[in-house]
Visitor: 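First the structure, which I've put down as C-alpha cells, then a few questions once you've had a look.
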Amino acid sequence: MTDTSRSVPPDWPTTEAEATAVQDELRGRVILDEPGPAPDAPLVAVGVDVAYDDERDVVAAAAVALDAATLEVVGQATAVGRVSFPYVPGLLAFREIPTVLAALDRLTVEPGLVVCDGYGLAHPRRFGLASHLGVLTGLPTVGVAKNPFTFRYEQPGPLRGDTAPLLDGEEEVGRALRTREGVKPVFVSVGHRVSLDGACAQVLRLARGFRLPETTRAADALCRAALRGV
DNA sequence: GCGACAG
DNA sequence: ATCTTGTCGC
C-alpha cells in the first residue's frame with residue numbers, strides 16, 4: 001500500500017495567510033553567522049528539485065548527493081506525493097518542501113550542504129525555499145535561482161566567477177553569479193548556516209561546464225524521471 | 001487598482 | 001513548473 005500523502009505534514013498550511021504567518025514565525029530560526037563549508041574541503045553536496053503533473057495532482061521530488069570535488073554521485077533518492085499548495089510567488093516552499101523532505105529522509109548519506117532551486121534570503125519576507133528547508137532540516141542550504149524574481153541586479157563581469165549584487169532596493173539580498181562566460185548568470189542567495197561568499201564559492205565549485213550547478217542538473221533529471229515512472 | 005513575480 | 005520540433009553551434 002502506497003500512502004502518497006505521507007509526505008505532507010498534518011499541520012501544513014492550506015491558506016496564504018497561514019503560510020505567511022508560518023514564514024514570519026520560522027524566519028527567526030535562520031542561522032546567518034556561520035560561514036558554511038569551506039570551498040576546498042571535502043563535501044557531500046545534495047541537490048533537490050521537484051517536478052509536477054498538475055493533471056494528476058502529483059509531485060515528484062529528488063535528492064542527489066554528489067562528491068563536491070569529483071561531482072561523482074554518492075547517493076540519491078526520490079519521493080512522490082500530492083500537490084499540497086498552489087503556486088504563489090513568495091510561497092513556493094509550501095508547494096515543494098513536503099515531498100523534498102520525504103526524498104531527503106530516504107537519502108542514506110549525510111548532506112554537508114543542500115542546494116535548492118529558488119531563493120533563500122532573497123525573498124519578500126526574507127524566508128524563501130532554501131531558508132525554509134534549512135530551518136526544517138538544520139542543514140546548511142543555499143538557493144540557486146535561474147531568474148531574478150522581483151529583484152534588480154547589475155550585470156556581473158563577463159568572466160566565470162564574476163558577481164554583482166542582487167538588490168532589493170538598496171539591500172543586497174543575494175548575488176548574480178556568472179558561472180560561464182557569455183551566459184546569463186545564476187542568482188545565489190543564503191539559505192541557512194552559510195555566508196553569501198561561501199554560498200557563491202560552493203555554487204561556483206559545483207557549476208562546471210554548464211550554467212547550473214551539477215547538483216541541480218542531477219536532481220532535475222532524477223525528479224523528471226521519477227514523475228514518468230508514476 | 002493592475003500587473004509582475006523563484007518553481 | 002509545463003505545453004513543445006527542429007535546428008544552429010561547439
Side-chain angles (χ1 to χ4, degrees), chain A residues 7-8 12-13 16 19-20 22-23 27 30 47-64 78-101 103 114-135 141-153 160 165-169 171-177 179-192 196 199 203 208-213 215-228 230:
Chain A
S7 59
V8 182
W12 204 244
E16 294 189 24
T20 300
V22 168
Q23 290 181 330
R27 181 173 48 188
V30 175
V48 293
D49 193 17
V50 303
Y52 301 97
D53 182 341
D54 285 315
E55 297 288 296
R56 290 184 294 175
D57 194 38
V58 168
V59 52
V64 181
T78 63
V80 174
R82 296 304 191 86
V83 177
S84 56
F85 208 87
Y87 172 67
V88 180
L91 300 179
L92 180 63
F94 296 91
R95 185 167 167 81
E96 308 215 331
I97 283 187
T99 318
V100 167
L101 285 176
V114 179
V115 180
C116 303
D117 264 44
Y119 281 113
L121 263 186
H123 178 274
R125 281 176 301 282
R126 302 294 179 269
F127 196 70
L129 169 63
S131 312
H132 202 144
L133 187 63
V135 166
T141 59
V142 303
V144 180
K146 298 181 280 296
N147 297 295
F149 198 16
T150 60
F151 307 108
R152 295 186 311 103
Y153 68 103
R160 169 178 159 81
L166 184 68
L167 302 170
D168 187 355
E171 183 182 356
E172 182 181 36
V173 294
R175 223 163 259 168
L177 169 66
T179 53
R180 292 203 71 186
E181 250 178 63
V183 175
K184 177 181 175 177
V186 297
F187 304 92
V188 177
S189 63
V190 166
H192 185 59
L196 186 51
V203 171
R208 276 114 75 160
F210 299 92
R211 176 166 88 117
L212 296 174
T215 37
T216 23
R217 290 167 44 78
D220 179 74
L222 184 57
C223 69
R224 287 179 196 249
L227 190 60
R228 288 182 204 169
V230 176

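Quick note on labels: first sequence line is chain A, next is B, and so on, each numbered from 1.
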Visitor: Give the nucleotide from the list dC5(B), dT2(C), dA6(B) with an atom nearest to the side chain of N147(A).
Guide: dA6(B)
Visitor: Are more than 12 heavy atoms, taken from residues, nucleotides or ligands other than E171(A), located less than 6.0 Å from that residue's CD atom?
Guide: yes
Visitor: For E55(A) and dA1(C), what is the distance between atoms CD and C1' respectively, to the nearest whole Å?
Guide: 13 Å
Visitor: Using a heavy-atom cut-off of under 4.0 Å over every strand shown, decide if D54(A) touches base, sugar-phosphate, or nothing.
Guide: nothing
Visitor: Donor-acceptor pair, distance only, cut-off 3.5 Å: does the side chain of Q23(A) make one with the backbone of G90(A)?
Guide: yes
Visitor: Given dC5(B), dG7(B), dA6(B), identify the nucleotide with an atom nearest to the side chain of L129(A).
Guide: dA6(B)
Visitor: Give the rounded distance in Å between these two atoms: OH of Y52(A) and P of dA1(C).
Guide: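 So the OH-P distance, Y52(A) to dA1(C), works out to 10 Å.
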Visitor: Over all strands shown, is A122(A) touching base, sugar-phosphate only, or nothing at heavy-atom distances under 4.0 angstrom?
Guide: nothing
Visitor: Are OP1 or OP2 of dA6(B) and a side-chain N or O of R95(A) less than 4.0 angstrom apart?
Guide: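 Answer no for this pair, as no side-chain N or O of R95(A) is under 4.0 Å from OP1 or OP2.
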Visitor: Nearest-Å distance, CZ (F151(A)) to P (dA6(B))?
Guide: 10 Å
Visitor: Distance check needed: dC5(B) P versus F187(A) CZ, whole Å only.
Guide: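 From F187(A) CZ to dC5(B) P: 13 Å.
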Visitor: Taking C-beta and beyond as the side chain, do F151(A) and D168(A) meet within less than 4.5 Å on heavy atoms?
Guide: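 They are in side-chain contact.
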Visitor: Tell me the interatomic distance from F149(A), atom CZ, to dG3(B), atom P, rounded to whole angstroms.
Guide: 18 Å
Visitor: Looking at every strand, decide which applies to G143(A) at a 4.0 Å heavy-atom threshold: base, sugar-phosphate, or nothing.
Guide: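 Here G143(A) touches no strand at all.
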Visitor: Quick one: is K146(A) getting a side-chain N or O under 4.0 Å of the dG7(B) phosphate, OP1 or OP2?
Guide: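 Yes.
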Visitor: Among dT2(C), dG7(B), dC5(B), find the nucleotide with the atom closest to the side chain of L227(A).
Guide: dT2(C)
Visitor: Counting the atoms with a prime plus P, OP1 and OP2 as sugar-phosphate, which does L91(A) contact under 4.0 Å by heavy atoms, base, sugar-phosphate, or nothing?
Guide: base
Visitor: Would you mind reading off the distance between Y119(A) atom OH and dA1(C) atom C1', rounded to a whole angstrom?
Guide: 16 Å
Visitor: Measure CG/D220(A) against C1'/dT2(C) and give the value in whole Å, please.
Guide: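 Result: 12 Å.
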Visitor: Y87(A) stacking on dG7(B): centroids under 5.5 Å, ring planes under 30°?
Guide: yes
Visitor: Checking the side chain of T141(A) only, and the main-chain atoms of V114(A) only, is there a donor and an acceptor separated by less than 3.5 Å?
Guide: no
Visitor: Distance check needed: dA1(C) P versus D57(A) CG, whole Å only.
Guide: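 My rounded result for the distance is 19 Å.
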Visitor: Decide yes or no for R125(A) and L91(A): does some side-chain heavy atom of the first lie under 4.5 Å from some side-chain heavy atom of the second?
Guide: yes
